[in-house]
Amino acid sequence: MNQENLKIYNSLSGQKEIFKPIQPNRIGMYVCGPTLYSEPHMGNMRTFINFDLIYRYLLILGFDVKYVRNITDAGHITNSAGDEVDSIGKAAKAAQMQSLEIVYKYNVKFQALQNLYNMLPPSIEPTATGHIQEQIEIIEKIIANGLAYIVNGSVYFDVKSYSEKFQYGILSGRKIDELAEETRDLNAQNEKRFFADFALWKKSNPDDMQIWYSPWGDGNPGWHIECTAMSTKYLGPTFDIHGGGMDLKFPHHEDEIAQSCGALGCSPATVWMHANMLEVNGQKMSKSLGNYFLPMEIVEGTSELFEKPFSPNVIRFSMMQAHYRSTMDISNESLLASEKGYNRLMDAIKSLERLSAGKESSIDVKALTESFYTAMSDDFNTPILTANMFEAVKHINSCKGGKATISATDLELLKSELNRFTFDVLGLKKEEGGSDNRLASVMDLVLELRQNARTNKDWTTSDQIRDGLAKSGIVVKDGKDGTEWG
RNA sequence: GGUCCUGUGGCCGAGCGGCUAGGCAGUGGUCUGCAAAACCAUCUACAGCGGUUCGAAUCCGCUCGGGACCUCCA
């Protein structure tokens, strides 16, 4: 399996396409990151975990990937009704903090969550406030191209003029005429000439928490312009992959396309990828519905929705059992099921290390490991990948039980590929432990004593040892060729 | 109201014209001092109604249900 076989579903065309990087072997990828006005919830994390998976697999295929994920730390005042919706400023006022204090606070948490869920750091995590100048420059270009207008210190994108040269709605499939009918009565008194116009720069209010200077007066950048400015700066006018949550498709990504075309004359990305929503009882997890929970609540077991704590690995694995383009329902039951499956996989990987090779293999190991690549190269199909990995699990267990065999070559192949896909692609964290030599020698002694008891059919003693160890979290399993612990 | 997605067995979740994934749970075995695990076998499916086709969960139409976006949102 190689780079040429990779297929990716492109939201722009609505179909899977063979992926062709703009430059051979190199990929520029931009993913819309979080707005840090509160702690990211599990739904937010799903998107980032999915793009982490995609990033990881692209690396495995040997691409040189530049992965840019922004941090939105500027409040945006872009509501079409003209209302103030500066979420960061609002949170700051409520906490009697400054805007960047709020952002910093939640950024620390976000970075910790990245670690917790074993996400690789992007190549760059640029911030909106660090790129005000770049945003102003893009806006100036759009104005110079006659596709934006200034009203009372604010700048708006002129969707009607834009539509004469470009197709507004190309990504989301929306048509301006249809949009018009629905919203015509919403907000009549508005600075905007046309309801679909959106703010590139918004004049500040006296009580704004953050204000920047611009050629048009003091104000705030519009919501969409930061992504255009930063993606252009770090990846160029057109790059390979632009990703984000499904809910950003319209208007955010649509407007990004308009801004890039309007300023630079070209669409920012050749491939658009959208990760689908995490759901609770069939409904999108969201702040406003209140059906969300925080990543730490589930790991610590403090959420009422879950009867016990679940490890980040289990949560991540459970996400990998759903496709990134499908909605995923998370529940106590689904995590319990994933936890058992996860343990099964991990046990098999441990068993694989101890497996001894036979003369030949009773199954086609090469075809099996190739199926891992086939699954992932088909639009990152992790449910198929995990299904195929469980085929490997089954075979490992059969070998262990003496009902199947594996050759030395195949054993090495399976070891390297299964480990690669488990840890490097799915991004499950290797569990530490087992490296403590002192514990290992103590356990050898304890298990020897227990074995003596078992030989003497002294079940009271042997069970006492097993139960006692269980209290310390050490599980003892009596197998055919001796006792395992872990 | 508009645009789009979706409805798979007890649960989660793939497949998207033929060969009926996978995980969890259930049932019956094997193994086992017991336990746990594992292995083998097995049972529950493609919302409904029509149509296209030699053949449909998979394509088309209608009906019913669920959801997303259209306003900040991962």
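The sequence lines fix the lettering, A, B, ..., with proteins before strands; numbering per chain opens at 1.
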- request: Spell out protein contact along nucleotides 35-42 of chain B as letters: B when the base is contacted, S when just the sugar-phosphate is, - when no protein heavy atom is under 4.0 Å; keep the 5' to 3' order.
  value: BB-SSS--
task: Calculate the interatomic distance between A/M277 atom CE and B/A68 atom P; express it in whole Å.
output: 10 Å
field: Whole-Å gap separating C1' (B/C16) and CG (A/N381)
entry: 12 Å
query: Could you give the CE-to-P distance, from A/M320 to B/G22, as a whole number of Å?
result: 21 Å
field: Nearest-Å distance for atom pair CD1/P, residues A/I49 and B/A74
entry: 15 Å
- prompt: Using a cut-off of less than 4.0 Å, is there contact between a side-chain N or O of A/K284 and OP1 or OP2 of B/C69?
  reply: yes
- prompt: Whole-Å distance between B/A68 P and A/D329 CG?
  reply: 12 Å
query: Is it true that A/R466 and A/D463 have a side-chain N and a carboxylate O under 4.0 angstrom from each other?
result: yes
pair A/V68-A/P122: side-chain heavy atoms closer than 4.5 Å: no
Whole-Å distance separating the CD atom of A/Q321 from the P atom of B/C11: 17 Å
- request: Can you see which heavy atom on A/W272 is nearest to which on A/N10, and at what distance?
  value: N-OD1, 2.9 Å
query: A/F390 on top of B/G23's base, within under 5.5 Å and under 30°?
result: no
query: What about A/F421 and A/Y373, are their ring centers closer than 6.0 Å?
result: yes
- request: To the nearest Å, give me how far apart CG (A/L335) and C1' (B/A25) are.
  value: 16 Å
statement: Per nearest nucleotide of RNA chain B, the residue lying toward the 5' end, A/G33 or A/S331, is A/S331
- request: In whole angstrom, give the distance that lies between atom CG of A/D255 and atom P of B/C69.
  value: 16 Å
